[in-house]
Amino acid sequence: MQPFPRSRDFLRQIAHSDSSRILDWIRTLPFASWTSEIYRATLDKDRDLVRLPDSIYLAEKALALDLESRIEPRLPDALCSFRKGRSAEEVIRDFASLGAAHGKAPLFVLRRDVENYTDSIPLGDHAPLWRLLADFGVPERDVEAIRTLLRAPVRARGSDREFSRSVGISTGSSLTPPIANLYLNSLDLAALGVPGAFYRRYGDDFVFAHSEKEVAASFAARIPGILKPLGLREKTEKSADLAWTSRGGPASTARFEERQYVDLLGIRVHRSRGPRLPPKKMKALLERFRLRMRIVRDEVPNESSDSRAYRLCRAAETQFGPGQFGQDPSFRRMRALCTDPGAWREFDREVCGTIALLAADRPLPYAFRDYSPRDLIRRFGFRPPGHLWGAYGSR
């Protein structure tokens, strides 16, 4: 028998076109006889991944699509993860707009993450997940099918010993995104029920802000009690209680750390200057750029410094131009989110510095004597990234 095609697009097409028939088929299957293989892999960190038999893969996909269609109308707009047309960038833009709208008045911000979120969701007979699925209108027989799939027998690669999970959803499961959105619904409702509060969630990462310190402190004290019945807890090393201020707007900061910026979903949001890349990500982006430019420099040995400068300028424009910028995720996020001309000027100066250093073959600041940013622009027609993307005018 030929293996079943496992293309995501192909399975999604089948699941959409024959959803009712597939769900009827799923309810007749002997789930207990299906065994999956579990293995260790390094993604963002070491994780247990599960390779499903093809029949389970299709069943899981169909159930996930059905679950998404049932819960989507009841999910709050503040939830931006795993939803069509929504993204982490929306969270960051909304948060930056909040800071701009409040002028110099301090905002009290809670930054939270859940410890091992989907790996910690209980799957026992009386787990909250099954009741939550029923509350969202999932039929009992479909809840049972989801329960059976999530607890299907697994065995470690190279082992004959089988076991069933009682806690945690496998990374990569089609059911993970809708369940991740659904499972923290009680937290979403609690946060959105606070008058005057700002709240956004992306997966297990969420931000809460309020102009009154006592209100923010009160909600911070409620979070552990909301998570505990779900079998979850806060990730303490990522928790932060911040008084988000701008210059000239100091806050009374008992228990809240006063800052002009908040790190949110991999972006640093300044109160007065908006989103920009954090220093570590900016450093890594520039290091990757410098490595590529060194490769370009070494392609043509024994050429004049002016010829080398011209080639480097063209290579840099190609690297950050519309056809290439998407290849670097950090620059893609900078392009999408950073509206501060000052941040773009700093970035352009670093880019020009790299070109000058490699063209003149001597260190900065001496290389700028031969090839200053103005020289690169006037003599070689160089368009630094900020100019290339119109970062200094209307965007």
Side-chain angles (χ1 to χ4, degrees), residues 87-90 92-93 96-97 100 261 265-270 272-395:
S87 68
E89 293 173 358
E90 183 177 348
I92 294 164
R93 289 193 190 97
S97 297
Y261 64 86
L265 297 172
I267 292 292
R268 179 160 290 185
V269 185
H270 283 261
S272 57
R273 292 176 291 172
R276 57 171 56 194
L277 290 181
K280 285 185 178 180
K281 290 193 175 184
M282 177 61 77
K283 181 180 179 181
L285 169 61
L286 288 168
E287 285 177 351
R288 291 192 294 272
F289 168 69
R290 288 165 186 151
L291 175 61
R292 295 179 186 118
M293 292 301 101
R294 290 189 190 101
I295 294 172
V296 171
R297 177 199 61 186
D298 296 340
E299 286 176 348
V300 181
N302 302 321
E303 67 179 332
S304 68
S305 59
D306 280 359
S307 176
R308 189 161 51 238
Y310 180 84
R311 280 198 311 112
L312 290 168
C313 286
R314 302 290 80 77
E317 289 175 342
T318 299
Q319 180 63 42
F320 294 116
Q324 298 291 326
F325 84 98
Q327 295 180 7
D328 193 303
S330 291
F331 187 74
R332 183 173 66 243
R333 300 200 80 193
M334 180 178 177
R335 166 71 185 98
L337 293 167
C338 182
T339 58
D340 176 24
W344 280 99
R345 288 190 185 97
E346 292 173 16
F347 184 68
D348 282 356
R349 185 170 180 82
E350 292 288 344
V351 169
C352 289
T354 296
I355 294 174
L357 182 150
L358 295 175
D361 199 21
R362 59 176 182 160
L364 296 174
Y366 304 107
F368 272 149
R369 296 178 182 176
D370 299 322
Y371 300 104
S372 68
R374 180 175 294 182
D375 286 337
L376 294 176
I377 293 170
R378 290 183 174 179
R379 290 176 55 196
F380 301 100
F382 180 50
R383 292 180 298 166
H387 290 276
L388 195 64
W389 288 101
Y392 308 120
S394 58
R395 291 170 60 87

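Model, not experiment: these values are computed from the prediction.
- Partners of Phe347 by ring-ring contact (aromatic ring centres under 6.0 Å, His included), not counting sequence neighbours, listed by chain and number: Phe320, Phe331.
- Between Ala336 and Arg93 the shortest heavy-atom distance is O-NH2, 3.3 Å.
- The shortest side-chain heavy-atom distance between Asp306 and Arg379 falls under the 4.5 Å cut-off.
- Looking at every heavy atom in both residues, Ala309 comes nearest to Phe380 through CB-CZ, 4.0 Å.
- Among all heavy-atom pairs drawn from Glu317 and Gly381, the shortest one is OE2-O, 3.4 Å.
- Looking at heavy atoms from C-beta onward, Arg345 lies in side-chain contact with Tyr392 at the 4.5 angstrom threshold.
- Contact of the His270 side chain with the Asp340 side chain is not registered, since no non-hydrogen atoms from C-beta on lie closer than 4.5 Å.
- Side-chain contact between Met282 and Met334 is present, with heavy atoms from C-beta onward closer than 4.5 Å.
- Closest approach of Arg288 to Ser330, counting heavy atoms only: NH2-OG, 3.4 Å.
- For Phe368, the ring-ring contact (aromatic ring centres under 6.0 Å, His included) criterion is met by no residue, not counting sequence neighbours.
- Inter-residue side-chain proximity for Pro275 and Arg333 is flagged as unmet; no heavy-atom pair is nearer than 4.5 Å.
- Heavy-atom minimum distance, Phe382 versus Cys352: CE2-SG, 3.8 Å.
- Listed by first then second residue, pairs satisfying side-chain hydrogen bond (donor to acceptor under 3.5 Å, both in side chains) with a partner in residues 357-368 read Arg362-Asp370, not counting sequence neighbours.
- Partners of Ser372 according to the side-chain hydrogen bond (donor to acceptor under 3.5 Å, both in side chains) rule, which considers only residues two or more places apart in sequence or in another chain, are Asp375.
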Checklist entry - Does the side chain to side chain contact (heavy atoms under 4.5 Å, CB included) test come out yes or no for Cys338 and Leu277, once each step is laid out? => result CA-CA 8 Å; Cys338 182; Leu277 290 181; over 6 Å; no
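- Counting only residues at least two apart or on different chains, the salt bridge (charged side-chain N to carboxylate O under 4.0 Å, His left out) pairs with a member in residues 347-360 are Arg290-Glu350.
- Glu303 meets the side-chain contact (heavy atoms from CB on, under 4.5 Å) test with Val300, Ser307, Arg308, Arg311; sequence neighbours excluded.
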